[in-house]
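Structure first, then comments.
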Amino acid sequence: MDYDNRKGNTFNSFKEETLDFSKAPKQTVYCVLAYVYILWIVGLLAERNNETVKFHVNQGIILSAVSFFSLIIINILSDFLYSIAPILASVSALLEILWLIFYVIFTFLGIRNAVKQDNRPLPLIGSLFNFVK
């Protein structure tokens, strides 16, 4: 709480807002967690028979797998470029930045779909595999 010196009253300079997940359906929470790296395991174990959760868990697994293997490829490429000329390693740094942007955008899209309770696959990668049946 801040103090207003002119009138001697206290006031809140910021509007306090809290996130209360107890009001959100558990299904939505599990669907959102599915897109946060490896936390798709929570939804997989908790709601194994729910089709919506299984869909978002599958999308989260695809996003995790694609990002993991793309990072491995970027690191191998980085080592190769560094062995040719150290200045070429900056190309791999640019690729890592692009990877990070890709991951954040796709995570945001997945979370948005989960909150809207929309079973829309992620663009480009969403229909590559079906891990959870």
Side-chain angles (χ1 to χ4, degrees):
M1 305 240 319
D2 294 332
Y3 185 74
D4 186 358
N5 289 329
R6 290 172 281 168
K7 296 181 183 176
N9 298 328
T10 59
F11 65 95
N12 282 331
S13 59
F14 298 103
K15 185 177 180 180
E16 295 181 16
E17 293 183 25
T18 59
L19 294 174
D20 188 11
F21 284 109
S22 64
K23 294 179 183 176
K26 287 184 180 181
Q27 169 184 320
T28 305
V29 174
Y30 294 138
C31 291
V32 168
L33 285 177
Y35 294 99
V36 182
Y37 195 57
I38 199 161
L39 292 180
W40 48 262
I41 292 174
V42 175
L44 182 65
L45 296 176
E47 292 283 333
R48 176 161 276 186
N49 297 326
N50 188 325
E51 291 299 320
T52 303
V53 173
K54 285 197 312 189
F55 174 80
H56 289 287
V57 164
N58 189 57
Q59 295 297 300
I61 293 171
I62 291 170
L63 181 60
S64 295
V66 167
S67 63
F68 178 74
F69 289 116
S70 63
L71 269 180
I72 290 174
I73 291 169
I74 290 171
N75 284 331
I76 290 171
L77 183 63
S78 174
D79 291 342
F80 176 72
L81 291 174
Y82 187 77
S83 68
I84 293 173
I87 193 76
L88 292 177
S90 61
V91 173
S92 66
L94 178 65
L95 288 175
E96 287 184 18
I97 291 171
L98 290 174
W99 171 85
L100 182 63
I101 292 169
F102 160 83
Y103 184 75
V104 167
I105 288 173
F106 277 56
T107 300
F108 173 76
L109 289 173
I111 290 173
R112 185 192 64 176
N113 288 341
V115 169
K116 288 183 174 182
Q117 297 179 352
D118 186 12
N119 288 353
R120 184 180 309 164
L122 293 172
L124 302 174
I125 63 170
S127 58
L128 290 177
F129 308 104
N130 193 8
F131 291 105
V132 182
K133 296 180 181 179

What I'd like to find out is whether the side chain of [X] reaches to under 4.5 Å of the side chain of [Y], using heavy atoms alone.
| X | Y | value |
| --- | --- | --- |
| Glu96 | Asn75 | yes |
| Tyr103 | Leu63 | yes |
| Ile62 | Leu122 | no |
| Leu109 | Arg120 | no |
| Ile72 | Phe68 | yes |

Does [X] belong to the same Ile/Leu/Val/Met/Phe/Trp/Tyr cluster as [Y], with side-chain heavy atoms less than 4.5 Å apart forming each link?
| X | Y | answer |
| --- | --- | --- |
| Phe55 | Val42 | no |
| Tyr35 | Ile41 | yes |
| Phe108 | Val29 | no |
| Val32 | Tyr37 | yes |
| Leu100 | Leu71 | yes |

- Taking everything shown except Leu45 itself, do over 12 heavy atoms lie less than 6.0 Å from its CG?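 Correct, the count exceeds 12.
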Where the side chain of [X] meets the backbone of [Y], is there a donor-acceptor pair that is under 3.5 Å apart?
| X | Y | result |
| --- | --- | --- |
| Ser78 | Ala89 | no |
| Gln59 | Gly126 | yes |
| Asn58 | Lys54 | no |

Separation of [Y] [atom2] from [X] [atom1] (nearest 0.5 Å):
| X | Y | atom1 | atom2 | answer |
| --- | --- | --- | --- | --- |
| Ile74 | Ile97 | CD1 | CD1 | 10.5 Å |
| Lys26 | Glu47 | NZ | CD | 8.0 Å |
| Phe80 | Ser92 | CZ | OG | 12.5 Å |
| Asp79 | Ile84 | CG | CD1 | 11.5 Å |
| Ile61 | Ile38 | CD1 | CD1 | 9.5 Å |
| Cys31 | Asn50 | SG | CG | 7.0 Å |

- Message: Which label fits Phe106 and Phe102: parallel for a plane angle under 30°, tilted from 30 to 60°, or perpendicular past 60°?
- Response: tilted
